[in-house]
Student: 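Structure in structure tokens, see below.
Residue numbers start from 1 in every chain, and the chains themselves are labelled A, B, ... in the order their sequence lines are given, proteins ahead of strands.
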Number of protein chains: 2
Amino acid sequence: MRVTIHDIARIVGVAPSTVSRALSGKGRISPTTRERIRKVAEELGYQPNMLARGLATRSTCAIGVVIHERHLPLDERSFYGVILETIEAEVSKHGYHVVFSTLRNQSLPRCIKERRVDGVIFLGTDINEELIRPINEELPVVLVDHCLSGLTSIVSDNVGGAYLATEHLFSHGHREIAFVAETLEDPSFRARFEGYRQALEWYGLRVKKELVVEGGRRSDSDQIAMKKLLRKRKLPTAIFAANDFMAAGAIKALTKAGLSVPDDVAVVGFDDGALATLVHPPLTSVRVPRVEMGKTAASCIIKLLASPSETSQVIVLSTPLTIRESCGCKGT
Amino acid sequence: MRVTIHDIARIVGVAPSTVSRALSGKGRISPTTRERIRKVAEELGYQPNMLARGLATRSTCAIGVVIHERHLPLDERSFYGVILETIEAEVSKHGYHVVFSTLRNQSLPRCIKERRVDGVIFLGTDINEELIRPINEELPVVLVDHCLSGLTSIVSDNVGGAYLATEHLFSHGHREIAFVAETLEDPSFRARFEGYRQALEWYGLRVKKELVVEGGRRSDSDQIAMKKLLRKRKLPTAIFAANDFMAAGAIKALTKAGLSVPDDVAVVGFDDGALATLVHPPLTSVRVPRVEMGKTAASCIIKLLASPSETSQVIVLSTPLTIRESCGCKGT
DNA sequence: CCTCCTTGCGCAACCGTTTGTCCACATTAT
DNA sequence: ATAATGTGGACAAACGGTTGCGCAAGGAGG
């Protein structure tokens, strides 16, 4: 059996409550008994039972990180893995640990319903508002990559980043710029489309329907989209992809079709994840600051945990353009 | 305040213990009162407090998943993200949830030391045996991608997969086959090298030192390794890379150098993750059955939780070769 | 010398469950 | 009728901590 404060109390010859106070540092205790207790606890290798402590203090020292199943798998296609691990690293500095869970068929994980966490971070879009609101009544909630009024939200500047990418292509002479995405149903992708649209408009161009293609949610979405695009009578001179996955697929399809990237068609992606430097030519891509998003989410939830009345805010992280070779302007 | 069994007991007019038994289905209770209690619990939206239950039953309904920081980030370079999410999906079916944590500077996460989990799954190599053994004294432990005597271990057949890959290249006429890895210090990569060595030996070839290159642990390890290889007076006709990341890097470096894959140099990777189909040409790669590894790990820990005396075993999952285009045998 | 404050610590209640024990009553066998 | 058995539920003691309250001893101030 594990050693408890009662064991320590018996050995030192004090009451369990005294042990509790000595170890937690709260309450009035003489320095000498405090030290005696600490020493014995140390020797016995005492580890507090967090369940008991949690029961008494109504806290769990855990924060839930929930990700929608649509954003799985946590691999090359999704950047949530990095955010998850960043959150874990940050909150663990404050003594919290992470309960990781996915949202299946839009029902909250048991660990949340059963209040086994002190706060929740939701990762990604596609999470029903009706699911989140009630949670927020009882627990601090932080949203990452998603925005809801009255809730603390961490988002990247999708519109601005897309604007930047489109503008970059325009400034290098491209006038026929395609937009390729898996689906425009996804709010992030729609925002990226919006930035694309705004940039074109600002420069006096219009969005051409035939240059906007969606590949759908299937895993070969990239090739489906590119097939659609390559069927057109006139190819664009540049492609702005809504994420790196689609950009990599574009490069692949173009190369296969005997076209050169960036000489025949320039390509710009979005995310600037590890994939960007794994393909050839290396992707010019709009950087989504995943680590910063994770860190910000962690610090927000910690702040909310400390003072739940903290007013909610929307934090927009900027998305700079990382220029590599796929856009063809290297050295210009 | 949340509704407790005391609230229900008061309303129904029974003792809290009766409510507990009615809800859990254990113990003798008349069907009519059981139903009355269930109905009231339902109406009040009762959710059991798992902390209290855990305290009473000495279980937490949580399993810890620990990954060594060396295997981070959880992105294109690591396939542990997929395993993590698979484990979560599986154990949640049995009412468990996942506490995710990384191993920093070789010290166990607090959530484990404080026994906030009922069992632990360790992901990846590089985890100190001295850290794991004591845990195993008190909790069921499962190892994934790592093997320790007396502990239940789930591994993929690295040696066999590498043998298969090398044999495949040999059978298509290649005699100068390079081996490229980040480092041979990693046990998985060493095992893959061993398979490579065994295959060469079986076919009467010897390992040539100049054809075995390591790129180191840096993020541009792939390019460093390829630079070393391309400097040699005589290029190999094929490259067997210890993982997809290095294989993708090899393709990139070869393409950059004006060489064609697979016509000038064939490339075979290892992992067969999402990256394999994202590069051009698509990678022929040895499949590491990540999902199956996750599922197996989950079912092992569930079994161990049910009967802790279960005898430990080593489960080796087979690693078939997925043939695509980078090895140049398509259609042969 | 008496009162008042402070300090250090013990007592006991509480957090919300589970579970062993026991009792009252009903049912059946004798 | 009485005794033996079975049934349904109450009571209370855990589980391992935290925390409000109270009390005794000691020191300071009048």
Student: If I take atom CZ in residue B:R34 and atom P in nucleotide D:dT7, what distance separates them, rounded to the nearest angstrom?
Tutor: 14 Å

Student: Need two values: the first and the last nucleotide of DNA chain C, 5' to 3', having an atom under 4.0 Å from any heavy-atom of chain B.
Tutor: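 First and last nucleotides in contact are C:dG16 to C:dG20.
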
Student: With the threshold set at under 4.0 Å for non-hydrogen atoms, list the residues of residues 43-55 of chain B touching DNA chain D in residue-number order.
Tutor: B:L55

Student: Looking at every strand, decide which applies to A:T57 at a 4.0 Å heavy-atom threshold: base, sugar-phosphate, or nothing.
Tutor: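 If one applies the 4.0 Å heavy-atom cut-off, A:T57 turns out to touch the sugar-phosphate alone, with no base involved.
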
Student: Is there a donor-acceptor pair under 3.5 Å between the side chain of B:D186 and the backbone N or O of B:S188?
Tutor: yes

Student: Please tell me if B:T33 has a side-chain N or O lying less than 4.0 Å from either OP1 or OP2 of D:dG9.
Tutor: yes

Student: List the atom of A:C300, the atom of A:V142, and the distance in Å for their closest heavy-atom pair.
Tutor: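 Taking A:C300 first and A:V142 second, the nearest heavy atoms are CB-CG2, 3.9 Å.
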
Student: Under the criterion ring pair (Phe, Tyr, Trp, His ring centres under 6.0 Å), which of A:H146, A:H71, A:H68 is the partner of A:Y80?
Tutor: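 With A:Y80 as partner, A:H146, A:H71, A:H68 yield a single ring pair (Phe, Tyr, Trp, His ring centres under 6.0 Å), made by A:H71.
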
Student: Looking at every strand, decide which applies to A:R2 at a 4.0 Å heavy-atom threshold: base, sugar-phosphate, or nothing.
Tutor: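 Nothing, no nucleic acid heavy atom in range.
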
Student: Take B:T102 and A:E88 through the side chain to side chain donor-acceptor pair (under 3.5 Å) test and state the conclusion after the steps.
Tutor: CA-CA 8 Å; B:T102 59; A:E88 198 275 334; 3.1 Å; yes

Student: Rounded to the nearest 0.5 Å, how far apart are OG1 of A:T60 and CE of B:M50?
Tutor: 12.5 Å

Student: I need the minimum non-hydrogen distance between B:P16 and B:I5, along with the two atoms involved.
Tutor: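 So the minimum-distance heavy-atom pair works out to O-CD1, 3.8 Å.
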
Student: Grab the CZ-P distance between A:R28 and D:dA25 for me, whole Å please.
Tutor: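 Computing the A:R28:CZ to D:dA25:P distance gives 16 Å.
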
Student: Inspect the contact between B:E90 and B:K93 and indicate whether a charged nitrogen and a carboxylate oxygen are less than 4.0 angstrom apart.
Tutor: yes

Student: Can you tell me how far C1' of D:dT18 sits from CD1 of A:I29, to the nearest Å?
Tutor: 13 Å

Student: Considering only heavy atoms, which members of residues 18-26 of chain A lie under 4.0 Å from some atom of DNA chain D?
Tutor: A:S20, A:R21, A:K26

Student: Quick one: label A:T4 by what it contacts on the DNA or RNA (base, sugar-phosphate, nothing), any heavy atom closer than 4.0 Å.
Tutor: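 Counting heavy atoms under 4.0 Å across all strands, the contact made by A:T4 is with sugar-phosphate only.
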
Student: Evaluate the side-chain proximity of B:T33 to B:V12: yes if any heavy-atom separation is below 4.5 Å, no if none is.
Tutor: no

Student: Looking at A:A191 and A:N158, what are the two nearest heavy atoms and their distance?
Tutor: CB-CB, 3.6 Å

Student: Nearest heavy atom decides the nucleotide; on that basis, is B:R36 or A:I5 closer to the 5' end of DNA chain D?
Tutor: B:R36

Student: Give the nucleotide from the list D:dG17, D:dA12, D:dG8 with an atom nearest to the side chain of A:H6.
Tutor: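 Nearest to the side chain of A:H6 among the choices is D:dG17.
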
Student: So do the side chains of A:N49 and A:T4 get within less than 4.5 Å of each other, counting heavy atoms only?
Tutor: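 Side chain of A:N49 against side chain of A:T4, heavy atoms only: no contact under 4.5 Å found.
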
Student: Below 4.5 Å, heavy atoms only, C-beta onward: do A:L305 and A:Y96 meet side chain to side chain?
Tutor: yes

